[in-house]
K.L.:
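Got a structure for you, questions after.
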Amino acid sequence: MRRRVGLAALDRRAQDSQTRSTHGATLRRTHQSELTTQLSVFQAALSTFSTQYSSEIRQNPKFRSEFARMCTTIGIDPLAASSNRPKEKGGSIWSELLGTQVNDFYFELAVKIVEVCRDTRSKNGGLISVSEVQSTLLKKDQSTGGGGTGLQISEDDIIRSVECLKPLGSGFEVIKIGKTNMIRSVPKELNRDQAKVLEVIQVLGFVTIGVLVDNLGWIAPRAQAVVDDLMAEAYLWVDEQEGETSYWAPCSL
Amino acid sequence: MANLKDKSALPAYYPEFYTFPPFYTRQPNAASWSSQLSQWRSFILAYCRAHKLWRLNLADTMETDLFYNKSINRKLPLPTIREVVDDLVKSSNAEWLSSEKSIAYIYWRTPEDFASQIYSWIDETGQKGTVLTLLELTEGDNTTQQEWYGMDQTMLVKCLNVLVKKGQAQVFSVGDDKGVKVW
Amino acid sequence: MANLKDKSALPAYYPEFYTFPPFYTRQPNAASWSSQLSQWRSFILAYCRAHKLWRLNLADTMETDLFYNKSINRKLPLPTIREVVDDLVKSSNAEWLSSEKSIAYIYWRTPEDFASQIYSWIDETGQKGTVLTLLELTEGDNTTQQEWYGMDQTMLVKCLNVLVKKGQAQVFSVGDDKGVKVW
Amino acid sequence: MAFRRIDLTPALRPLLLPSETLLFVQDAVGLYEGRYKVPNFQNGSAYLTTHRVCFVNNDEPRKFSVALELKDVERFELYIPFFQNGFLKSSPKITLYLRPSNPSLLDSRDRSTSRSPTYSPIPTPPRSSTPLQSAALNRQWICPICTFPNPFPSNFGHLAPIPPCLTCGVKPNRSILDAIVNSHTPAKHQNGISDDSILQAGIQRSKNACPRCTFENDQALRNCEMCGEVLSSHPIDDPSVARPSPSRDESPAPRYLGSVPAGEQIDCVKLSFRGGGEKPFHEKLKGAMVQRKWLLDQAPAVPAITSGAANLTLDPRESEASPRTPAPTERIVGVRGLERQNLALRMNNQRAIAGAFEDLEALMSRAKEIIALAENFATQLADNPSLANSDAREALSQSAAMLSLRPTDFTVTKDQISSSSSLSLYHAELARSIADFLADDTRSILKKEGGAITLVDLWAVYNRARGIELISPSDLESAAKLFDKLQLPVRLRQFKSGLLVIQERNKTDEKVAKSVVAWLDELSDLETRDTIADNKWGKSVLAKDAAEKFGWSIAVAIEELEMVEERGELVRDTSFEGVRWWKSPWYISE
C-alpha cells in the first residue's frame with residue numbers, strides 16, 4: 001500500500017502511536033499487578049514457612065548458612081535492610097522469616113568482631129585467623145555468663161558478618177592464607193610475596209631468610225625486603241635467640 | 001617444639017605469648033613492642049604477687065620461670081628487662097632500689113592499697129592505739145593470711161608513711177627495731 | 001658515632017640527604033620522589049666514578065656505603081635501587097647486563113665522552129694508525145692517569161664502536177685478544 | 001493563634017521535650033490556616049510527636065518551623081479528595097479543629113523567644129552551646145527549696161495542676177509560678193493584644209535590666225550575662241538599634257502565620273500531604289490523641305520506655321531522661337539481653353530439619369521466579385521509559401526493596417531503589433538521628449575520637465548504644481551519603497585507601513595539615529636529642545604519636561598523615577620499626 005501522504009498519514013501515524021501507547025500501558029499495568037500479586041502470594045508462602053521453621057533458621061548454624069547461601073545464589077541480600085525497618089518504609093519481607101533476631105545476630109556478631117580485631121591489632125598487626133576470633137568470642141561469651149554452650153558461632157557466620165561490613169568501606173576483608181581464613185582489619189592489602197611468606201610460616205611455624213631462599217628460590221635481598229615490609233606492618237615478630245634470625249607471625253600462633 | 005598453643009599446663013596469669021619465641025626479643029616495631037611491653041608488665045606484677053616477691057633482683061630472676069622459658073630455651077635479655085621495669089617505674093608500679101638498676105621494689109599493689117589494708121586490719125583486731133613492731137606486722141603469726149605477710153621492712157615503712165602523712169599513724173624506733181602506733 | 005652535623009667526614013659527592021632516614025624509603029608522593037630520584041641518580045654516578053666502578057652488582061653493593069648508611073641503620077631496598085637504575089638506563093647513563101636486572105653498566109661518563117677522550121689521547125701520543133690491543137688501553141702503564149684506566153673490556157668496545165661508527169677507528173681481533181686501529 | 005515557633009537541633013529536627021517521643025515523620029507537607037495557604041510553609045516535613053504536631057519547612061528551616069500543641073486540638077478529620085488524579089489535583093488533607101479557647105485568655109505561655117526588632121534568624125549556635133541549653137534557659141522557675149532551675153512543663157496554665165520540682169519533688173505554691181510568669185513578659189500585658197507585635201508601647205525600662213537577676217546588661221545583649229535569662233525586648237527608642245524596614249510591613253495583626261484578612265475568625269488548621277503518608281499519619285495522630293501523653297507530665301516521671309516501631313531516633317533527650325528514671329529497663333533488653341537469649345536458645349534441642357531444607361528449596365525457587373518477573377518488568381520499563389510513570393517505578397523499587405535484591409545484579413540501579421520516597425525518607429531520618437547522636441555532648445563521641453571516627457567504629461558504637469534492632473551497614477552507608485545533602489554538621493569522607501570516615505564539617509584538609517606540620521615544628525624546636533638523626537632534620541613521629549596527640553584512632557591517624565604526605569608536606573621513613581614521619585625538606589610551599 002502506497003504510503004499515504006498528507007493529513008491522513010499524519011493522523012494515521014498519531015493513531016498508531018496512540019494504540020501502541022495504550023497497548024503498552026495496559027501491558028505495563030497487567031505486568032505491574034501480576035508482580036504485586038505474585039509478591040503477596042510469595043509473602044503468604046513465606047509466613048507459613050517461617051511459622052514452621054523460623055526457629056531452625058535462627059539458631060541452627062547449618063540451616064542459617066544454607067539459607068544464606070541460597071540467598072546469595074539468587075541475588076538476595078537479607079542483611080541489606082535494618083531489622084527494624086517497617087515494610088512500608090522499604091523494609092524487607094525477609095525480616096518476617098528471619099525475624100529481627102537473625103539480622104541482629106549477624107550485626108551483633110559483626111560488632112563483636114570489630115571490637116576483637118581492634119583490641120588485638122597491636123598484637124597481630126590487624127591480621128587474625130577466623131578460628132582465633134571464634135575461640136576469643138566463645139571465651140568472652142563464657143565470661144559474660146554465656147554459659148559456654150554459646151549459640152554455636154560457626155566460622156561461616158563470622159565470615160558472613162565480616163562480609164556484611166563491606167558497605168562501610170571498612171577495610172575489613174576475609175582473605176585466605178594457605179588453607180586458613182584470616183580477617184584483615186587494616187586497609188592495606190598484602191602483596192603476593194607477603195602472602196606467600198605468611199603461608200610458609202603457617203606450614204613451618206616460622207621463617208628465616210635462608211628458608212625463603214631455599215624453598216622459594218628468592219635472592220636474599222628480595223626475601224629481606226618482603227620480611228622487612230611485614231615487620232613494618234607488625235605482622236611479624238623477630239626472634240634473634242637461636243642461630244639465624246627467625247620471623248614468626250602472631251596471627252598464626 | 002611444645003605445641004605453642006597448649007598453655008593449659010601454665011598458671012593462668014602467664015602471658016598469652018609465653019611460649020611464643022619472639023616474645024623474648026625486644027621487638028623493633030613500635031606497635032608490636034607496645035603489646036609486648038604491656039604483656040611483660042602484667043606478667044611481672046602477677047608473678048611477684050603470686051610468689052609474694054617484694055623486690056625483684058634482676059640477676060637472680062634471670063634464670064627463673066619469669067624471664068626464662070626452658071621448654072623453648074628463650075630468655076628475656078637484661079637490657080629489655082630494665083626497659084620494662086623502667087616503664088613500671090614510670091607508672092609508679094615499681095621503684096629502683098639504687099641507681100645501677102639491679103634491684104627494684106615491685107608494687108604489685110600500690111603502697112596506698114597496702115596502707116589502707118593494714119589500717120583496717122589493725123582496726124578490726126582492735127589494736128588501735130597500741131604500739132606494734134614492724135616485725136610483728138610482717139612476721140607475726142596472726143598476719144600470716146594477710147597479703148603483706150613477709151613484706152620487706154623498707155617497703156613496709158613506705159606504706160606506713162602513707163598513713164603517717166594522713167595523720168593516722170606514727171612511726172618511731174624501739175631500740176634497734178622500729179614500731180608503729182595507729183589511731 | 002660520627003657527628004652527623006659536620007658532613008665533612010663524608011666525601012663531597014655524598015648527597016645532602018645521606019643522613020636523612022626518609023631518603024631510604026621510596027616516597028609515594030610524586031614531587032618528593034622526583035627530587036629523591038635525582039639525588040640518588042647523581043649519587044650512584046658520582047660513587048661509581050669515585051670508585052672507578054664500571055659495573056654495578058646490585059646484590060653486592062646493597063651492603064656498601066652506597067646503599068646502606070650504617071650510622072642511621074637505613075638501606076635503600078632492592079626494588080627502589082632497580083627503579084633508580086632503570087631511570088639511569090632511560091637517560092642512557094646505564095645499561096642492564098641481562099634481563100634479570102642484577103648487574104648494570106654505569107656510564108658515569110657517556111660512551112661518546114670516553115670515545116673522544118681516547119681519540120684525543122691517541123692523537124696526542126701520536127699512536128694514530130698503529131694497532132693497540134684493548135688491554136694496552138685499559139691496563140697499559142701509560143694510561144694509568146686516564147679516566148678510562150681499568151675500564152671493563154666489553155664497555156671499552158662499546159666506546160670504541162662510537163669511533164667506528166664515526167669512521168675514525170677499526171676494531172679487529174688479534175689472536176684471542178682484540179685490537180683497535182685509530183686514524 | 002496556637003502555632004508557635006520552635007527551636008531545632010543541630011540536625012534541623014524539632015527539639016523534643018523531656019518526655020516527648022517522635023511518632024511519625026512525613027515530608028512534602030504544606031500548611032493551611034483555615035482556607036488560606038500559609039506562605040513559606042508550603043514544602044516541609046511534618047513531625048508528629050506524643051505532645052505536638054511540628055512542621056519544619058525545607059528552605060530556611062530555622063526561620064520557618066512551628067508547632068501546634070495536641071492539647072489545643074479538639075477534633076481532626078482526614079479528607080481524601082474523590083478524584084485524586086483528576087484535572088484539579090488536590091492532595092489529601094488532615095484538618096485539625098482547635099479547641100474554642102476564648103481569645104481573651106491570651107496564650108500566656110508564649111514559648112517563642114520575644115522577637116527582637118533586628119529580625120536576624122537565630123545563627124546556628126556554635127557547637128559548644130548546643131540549642132539544648134538555650135531552649136531550656138528561657139522558660140524556668142527556681143525551686144525555693146533546692147534552687148534547681150526547673151523547666152516549665154509545656155502545658156502549664158491557670159487550670160493545669162502545679163508541677164513538682166524535678167529534683168526534690170516539692171510542689172512550689174502557685175504565687176511563685178505566677179510571679180515568674182508575669183515578670184517574664186511584662187511588655188505583653190501592657191499592650192494587651194498580640195504577643196509578637198513589635199509595636200511595644202514605648203515603656204521606659206531601665207537600661208536592659210535582666211528580669212530574673214536585675215543585672216544591667218549591655219544594650220545589644222539578648223541573654224543576660226549573669227544568669228543567661230532571655231532579656232525582654234529592647235526599648236524602642238534606642239537610636240543605636242537600626243530598625244530594618246522589612247519587619248514593618250508584616251501583617252498588622254500577625255496573630256496568624258500567613259496573611260489572613262482581618263476580622264475573619266480561623267478555627268482550624270490543615271495539613272496537606274502532597275507526598276502521601278496521610279493514612280499512617282492519621283493513625284498515629286489518632287493513637288496520640290487517645291493516649292494524651294501530655295497529661296502524664298504531672299505524674300512522676302514514668303520511665304520513658306522507647307516505643308518500638310517507628311521510633312528511629314536515639315534522641316539525646318532520652319539519654320538525659322534515663323538517669324532520672326530507675327535503672328533504664330531497655331539496657332537489659334540490649335546486647336547483654338541478646339547474650340542471655342542465646343543461652344535460652346541453646347537449651348533448645350535439635351529437631352530433625354531435613355524437611356525444613358526441602359521446603360526452603362521450594363521457597364527459594366519461587367522467590368527466583370518473582371525476581372525474574374521483577375527483572376523483566378524493570379527491563380520493560382527501561383526499554384520504553386514513556387510507560388514508566390511514577391507509580392510503576394515506585395511499585396518496582398518497592399518490590400526490589402521488599403525482596404532486598406542486591407542492586408548490583410539487579411537491573412534497577414541503586415539510586416532508583418533509594419529514590420522511592422519511603423526509602424530515602426527512612427535514610428534521611430536515620431542520617432539526622434546519627435548526626436544528633438554524634439553532636440550529643442553527653443557522649444562527645446567525635447571529640448573523644450579527635451573529630452573523626454571511622455564509619456565502622458561509628459556503626460559499632462551506634463549499634464552498641466541502640467542495643468536492640470540494630471541498623472544494617474548498608475543503611476548506615478546510605479544515611480551517611482545524605483549528610484551533605486541535608487547540610488548536617490558532619491560529613492562523610494573517603495581516604496585514598498578507601499577508608500570511610502565521619503568528620504566534623506569544619507575540619508578541612510588544610511587545617512589538619514597545618515596543625516600536623518606545626519606540631520612537628522614544635523617538637524623539633526624542643527631540640528630533644530633522643531636520637532642523633534633527629535637533630536639535623538627535626539623530629540620524626542610515629543602514627544601512634546599522632547594518634548595520641550590529636551586523639552585519633554590508629555586507622556584515622558595513618559590516613560590523616562598519608563593525606564598530609566599526599567600534599568607533599570610530609571615524607572615517610574619505612575623500616576621494620578614501622579613507618580616514621582618527617583617534615584619534608586623537599587617541599588616548597590607554593
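Order of the sequence lines fixes the chain letters, A, B, ..., with proteins taken first and strands second; residue numbering starts at 1 for each chain.
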K.L.:
Which heavy atom in C/Phe17 sits nearest to a heavy atom in D/Pro585, and how many Å separate them?
P.N.:
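Minimum heavy-atom contact is CE2-CG, 3.4 Å.
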K.L.:
For residues C/Asn29 and D/Gly568, report the shortest heavy-atom separation together with the two atoms involved.
P.N.:
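Looks like ND2-N, 3.5 Å.
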K.L.:
Just give me the residue among C/Arg26, C/Lys75, C/Gln27, C/Gln36 that pairs up with chain D most often, heavy atom to heavy atom, under 4.5 Å.
P.N.:
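Between C/Arg26, C/Lys75, C/Gln27, C/Gln36, the count favours C/Gln27.
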K.L.:
Do C/Pro28 and D/Arg572 come within less than 4.5 Å of each other through their side chains, counting heavy atoms only?
P.N.:
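Yes, close enough: below the 4.5 Å cut-off.
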K.L.:
Under the 3.5 angstrom rule, does the side chain of C/Thr25 hit a backbone N or O of D/Thr574 as a donor-acceptor pair?
P.N.:
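Between the backbone of D/Thr574 and the side chain of C/Thr25 there is a qualifying donor-acceptor contact (under 3.5 Å).
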K.L.:
Would you indicate whether C/Gln145, at its atom CD, is surrounded by more than 12 heavy atoms from other residues, nucleotides or ligands within a distance under 6.0 Å?
P.N.:
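No, because the 6.0 Å sphere around CD of C/Gln145 holds 12 heavy atoms or fewer from other groups.
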K.L.:
Measure the acute angle between the ring planes of C/Phe20 and D/Trp582, then classify it against the limits of 30° and 60° as parallel, tilted or perpendicular.
P.N.:
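Geometry flag for D/Trp582 against C/Phe20: perpendicular rings.
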K.L.:
More than 12 foreign heavy atoms under 6.0 Å from NZ of C/Lys158: is that the case here?
P.N.:
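Counting other residues, nucleotides and ligands, NZ of C/Lys158 exceeds 12 neighbours.
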